[in-house]
Amino acid sequence: MDYNFREIEKKWQRQWAEKKVFKTEVSADKPKFYVLDMFPYPSGAGLHVGHPLGYIASDIVARYKRLKGFNVLHPMGYDAFGLPAEQYAIKTGQHPGITTKQNVDRYRSQMDKIGFSYDWDREFRTCDPDYYKWTQWAFLKMFGSYYCTKCGKALPIEELEAHFAKNGSKDCNAACTEELSFTAQEWNSWDEARKSEVLMNYRIAYRGKTSVNWCPELGTVLANDEVKDGLSVRGGFPVVQKKMDQWLLRVSAYAERLLDSLDSLDWTDSLKEMQRNWIGRSSGTEVVFKVITGDRERDVTIFTTRADTMFGVTFMVLAPESELALELTTPTKMAEVQEYLSYVQKKTERERISDTKTVTGVFSGSYGINPLTGEKVPVWISEYVLASYGTGAIMAVPAHDSRDYAFARKFDLPIVPIIEGCDVSEQSFDAKEGKMCNSGFMNGMDVKDAIEAAKDYVEAHHLGRRKVNYRLRDAIFSRQRYWGEPFPVCFDGDIAIPLPDEALPLELPEIEEFKPTETGEPPLSRAKDWTWEGKPLETSTMPGFAGSSAYYLRYMDPHNSQALVSKEANEYWRNVDLYVGGTEHATGHLIYSRFWNKFLYDLGYVCEDEPFRKLVNQGMIQGRSSFVYRVVGTNQFVSSELKEQYQTQELHVDISMVRNDRLDKDAFRKWSPEYADAQFIPADGDYICGSAVEKMSKSMYNVVNPDQICEDYGADTLRLYEMFLGPLEQSKPWDTKGIDGVHRFLRKFWKLFYEGDTFLVQDEEATPQELKVLHKLIAKEESDIDTFSFNTTISAFMIAVNELTDLGCHKKAILEPLAVMLSPFAPHIAEELWHALGHQDTVTYASFPEYVQAYTVEDTATYAVSFNGKTRFTVDLSKSLAPAEVEAHVRALPQTEKYVGEGSIVKVIVVPGKIVNIVVK
RNA sequence: GCGGGUGUGUUGAAAUUGGUAGACAAGCUAGACUUAGGAUCUAGUGCCUCCGGCGUAUGGGUUCGAGUCCCUUCACCCGCACCA
């Protein structure tokens, strides 16, 4: 019997599915392990060979943990709401639900071929009403909550209302959009509409007018992380700024907690750093400047992290979008300012980003008074100041801030250095080092001390206060499109009224046309009778991240109709032990999920503060494209190494026609009628194609389909090869060269069990030498699993199989544990051989062999002395020593300073003068 | 500009974390067997002036010993980008 992977894989995949081998239940007597993949958005193109990389890695861990006796939760589902399906619907009239279903089915059938150990009974789609009921439910909870800054958690909004009725806004400690001030009497006198408006200022899910990223082409608003370089991430359409009424989530209230608990997570430093930057904590000072506009006078608060430089302030700057801009403009300057503001407005976000070098601005006519020096400085308006950060107004210190410096140079404003000996003739001196000068009470201080001294001074003299600012903005939660979760909210005039929980799920209504209306209203306004008890329902829908923010909780208890997740299930599974996915979600999904989870934690619905304890980012698998070179104006194609001699045009060719860079000429001629009579100019014999590493995509003809690999080599080979390609976290190009190597390994493995139809395995006692091979491998696999060094594990397997082949070992005592150990990587062949060894049950729940140290040491060891040059000699460490004996032997050596014994290797350092290295192989 | 990371044969990469650099594969070369293939097996394969020496981007340092630690320079990748 040969290694017939097609038959074997089909057989076991069917059996696993029929017997529901991977079905998981809460079982209190077993330790739990929750391994999760970032669920995919099922696109129309299907899976290519890069998608399963992370799934394979997590599947290996899931299967390994099962062997180690863990109760493993390993689910999969689909992030099914989203733009592409809707775009397609607009073009074709096809309902996005239908497209989505087709794509999901395709994904599922592709995944089934790879032999994943998912518990498919827990599968769901975010567009299932049973699922999005809980997305809507969470939204209602957020609508009904505010964030108490004093106790640092979300509380019911009713408590805040009670507080307002009793004390007004005094001591309310609620995170808010803007600071409001009113008395209890005022609150009690207001009507419902006014109260509703005021409460919006505090709710965690709230409605507000904000400047948003509007994408006219897509007819929708996009979150900051959905925009790149002024273009939409999906589709690449221009994005402009627009003021609109939007639902938002008060993520900013959680900024501090999101930042602080990062430390407790087992994520990569770079990912944590990305989140830290995104949250962008900066602690500084708010300082009040008096500003005189003609004969009017008012206070303007600015934010600075460099209060120490206040003696160097030579002007102030306002953001053009800030309300202050017009308010502080004098009548004589009004026309000029108006013109500047309209100039800024016309600029798209894109231009503003790509053009940060050009300095623009206009003088408002007002003057501010420096509270420290009493000096009068001009107030300017410029686009380099952002309305949405700090207070929208800054003090400018051109000597010590490069942006202020550029501005001062452009408009010829004075530059006053306040750090001793710094040269500001060419550029500003931004570094926080040196001794202060020209700075009154701070003179002579070190800059770092001066920063603190200035803060103290400002607070002591009531000129302002310490303030921590975050860059993290509230998340815009409305999208003007159809294919998303409807908001369970209706309107009575301007008052937003939440639907009762019993109304959930509020199902997405059927409509005929998926475009926005002519007046720019979202598609849902086309729905007939889109009302609740006679009141119009919200017509925008929730964004993509809504459905993916709590999905990991739903997997714990996916069929529960009473709760998002039962207390029992949540307290057993708690949170995700290992989360595997791409780094592209660093500042989107991974922030929103953490926020969403913390919110549910505050309300007591979940028992863990953080959703994902350990996170691993798999790298991207790029494509390797192949090219032919057409001699310009002819139908001749010149081989890659000769292309310099001609004027050529580079054309992508489908990589299925290329093997080891050699083109299958006949296939190429058949590829397209255009090439039917193509002529080739090869160097000698074969036509060699050029190649490049690019994104894997249809248009580059470099897509490798996993189905094809499964067909040609089998799922086990695919799994092994994807892991063998290199470290998991690294991006690497797919190159089918070399896949034969791992395939050959599986066949060699098979041959340890079978020769032809003869089953070779004998029940004999293993020799120490054979046991050593086994135990080396056990040690390797156990240590590699934690670090995801699956490529080296596979190498170790190859070595072991080669050694056993050389030893002619066909002993059950060795081969049976080997099959178990291989099963996470290549489950089908392992299952087949496990059964061949006479087992009835499945290898999935076999027990991973224990590491027996007694046979790790060989007869002799190399005793290398690398002291004073390179003397080396061999010493006999007697026969078959156990590590403990080696250790004793080594300890008996004179002046042993350090002993490190692990696995099969013993390391010794002897001093003084002599450093001895003992390697036991 | 700021932050994070990487740099080892022809290629993917490994190196017990400071201890014989290049494991394991791929490719290439030669040979064997041939029912001629994208099969299997064997041997070789870092470089050189080859009884020796040199080699982990570059230059320096620490150390008995450095791919690994520290500093310099260079190159590439990723993230953020007027955040005051």
Side-chain angles (χ1 to χ4, degrees), chain A residues 229 268-278 280-282 284-285 302-306 309 317 319 352-353 355-357 359 382-386 388-397 400-404 406-407 430 469-473 583-584 586-587 617 619-620 659-662 712 721 724-727 729-733 735-742 744-745 747 776 779-780 783 789 791-800 802 862 864-872 900-921:
Chain A
D229 301 332
T268 60
D269 290 338
S270 72
L271 194 72
K272 286 194 204 177
E273 203 52 38
M274 251 189 249
Q275 290 216 341
R276 282 192 195 104
N277 290 341
W278 190 258
R281 183 193 147 101
S282 82
T285 322
I302 59 96
F303 176 75
T304 179
T305 53
R306 294 291 303 274
T309 60
V317 190
R352 266 178 91 164
I353 287 166
D355 190 24
T356 56
K357 295 267 177 325
V359 180
S382 172
E383 57 180 329
Y384 85 87
V385 176
L386 304 177
S388 52
Y389 185 78
T391 60
I394 62 153
M395 64 178 211
V397 186
H400 303 290
D401 181 289
S402 55
R403 294 153 304 173
D404 296 345
F407 195 82
D430 292 16
N469 265 335
Y470 294 94
R471 208 150 98 192
L472 186 69
R473 309 288 152 84
T583 180
E584 66 271 19
T587 52
N617 295 121
M620 279 224 297
R659 192 172 177 94
N660 287 353
D661 287 341
R662 287 174 170 78
D712 294 347
Y721 188 56
F724 190 64
L725 228 40
E729 294 90 339
Q730 227 167 74
S731 286
K732 55 233 155 186
D735 191 346
T736 313
K737 267 192 227 162
I739 196 166
D740 295 311
V742 291
R744 223 177 333 237
F745 155 71
R747 283 216 301 264
K776 231 164 50 179
K780 184 72 183 148
S783 69
S789 313
N791 51 336
T792 58
T793 318
I794 295 166
S795 294
F797 261 107
M798 290 176 173
I799 295 168
N802 286 342
T862 313
V865 181
S866 55
F867 137 77
N868 206 11
K870 275 189 175 179
T871 327
R872 289 190 189 111
V900 186
E902 219 175 314
S904 59
I905 286 159
V906 180
K907 215 165 48 178
V908 183
I909 300 173
V910 182
V911 284
K914 286 185 184 177
I915 314 304
V916 179
N917 175 26
I918 299 184
V919 184
V920 181
K921 287 197 173 182

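Order of the sequence lines fixes the chain letters, A, B, ..., with proteins taken first and strands second; residue numbering starts at 1 for each chain.
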Would you tell me if any nitrogen or oxygen in the side chain of [X] comes within less than 4.0 Å of OP1 or OP2 on [N]?
X: A/N802; N: B/A23; value: no
X: A/R744; N: B/A26; value: yes
X: A/R747; N: B/U40; value: yes
X: A/T583; N: B/C78; value: no
X: A/Q275; N: B/G79; value: no

From [options], pick the nucleotide closest to the side chain of [X]?
X: A/W278; options: B/G27, B/A84, B/C80; value: B/C80
X: A/Q730; options: B/A25, B/A13, B/A84; value: B/A13
X: A/D401; options: B/A84, B/A15, B/C82; value: B/A84
X: A/T304; options: B/A84, B/G3, B/G27; value: B/A84
X: A/T792; options: B/A15, B/G3, B/G27; value: B/A15
X: A/Y384; options: B/G3, B/C82, B/A14; value: B/C82
X: A/Y389; options: B/G27, B/C24, B/A84; value: B/A84
X: A/I799; options: B/A84, B/C24, B/A26; value: B/C24

Would you name the heavy atoms of [X] and [Y] that are closest together and state the gap between them?
X: A/A406; Y: A/V359; value: CB-CG2, 4.0 Å
X: A/T309; Y: A/V397; value: OG1-CG2, 3.3 Å
X: A/A319; Y: A/L386; value: CB-C, 3.6 Å

Counting the atoms with a prime plus P, OP1 and OP2 as sugar-phosphate, which does [X] contact under 4.0 Å by heavy atoms, base, sugar-phosphate, or nothing?
X: A/N469; result: nothing
X: A/S795; result: base
X: A/F724; result: base
X: A/N791; result: sugar-phosphate
X: A/P733; result: nothing

Show the numbers, then the answer: is there a side-chain contact (heavy atoms from CB on, under 4.5 Å) between A/Y384 and A/D404? CA-CA 9 Å; A/Y384 85 87; A/D404 296 345; 2.6 Å; yes

Using atom [atom1] of each nucleotide, how far apart are [N] and [M] to the nearest Å?
N: B/A30; M: B/U17; atom1: P; value: 42 Å
N: B/U56; M: B/U49; atom1: C1'; value: 24 Å
N: B/G9; M: B/G67; atom1: P; value: 14 Å
N: B/A57; M: B/A39; atom1: P; value: 35 Å
N: B/A84; M: B/A66; atom1: P; value: 45 Å
N: B/G12; M: B/G27; atom1: P; value: 15 Å
N: B/U62; M: B/U68; atom1: C1'; value: 14 Å
N: B/A25; M: B/G38; atom1: P; value: 22 Å

5'-most contact on RNA chain B: A/I394 or A/S789, nearest heavy atom basis? A/S789

Identify, between A/M274 and A/K732, the residue whose nearest nucleotide on RNA chain B lies closer to the 5' end.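 The answer here is A/K732.
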
Taking the side chain as every heavy atom from C-beta outward, state whether A/D401 and A/R306 have any atom pair closer than 4.5 Å.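 They are not in contact (no side-chain heavy atoms under 4.5 Å apart), so the answer is no.
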
Under a 4.5 Å cut-off applied to non-hydrogen side-chain atoms, are A/M798 and A/V742 in contact? yes

For B/C50, does the glycosidic angle fall within 90° of 0 (syn) or outside that (anti)?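 Base orientation relative to the sugar is syn.
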
Consecutive-pair stems (3 or more, Watson-Crick or G-U, under 3.5 Å) for RNA chain B: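 When the pairs of RNA chain B are grouped into runs of at least three, the stems are B:1-7 with B:74-80, B:10-12 with B:24-26, B:27-32 with B:40-45, B:46-48 with B:52-54, B:59-61 with B:69-71.
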
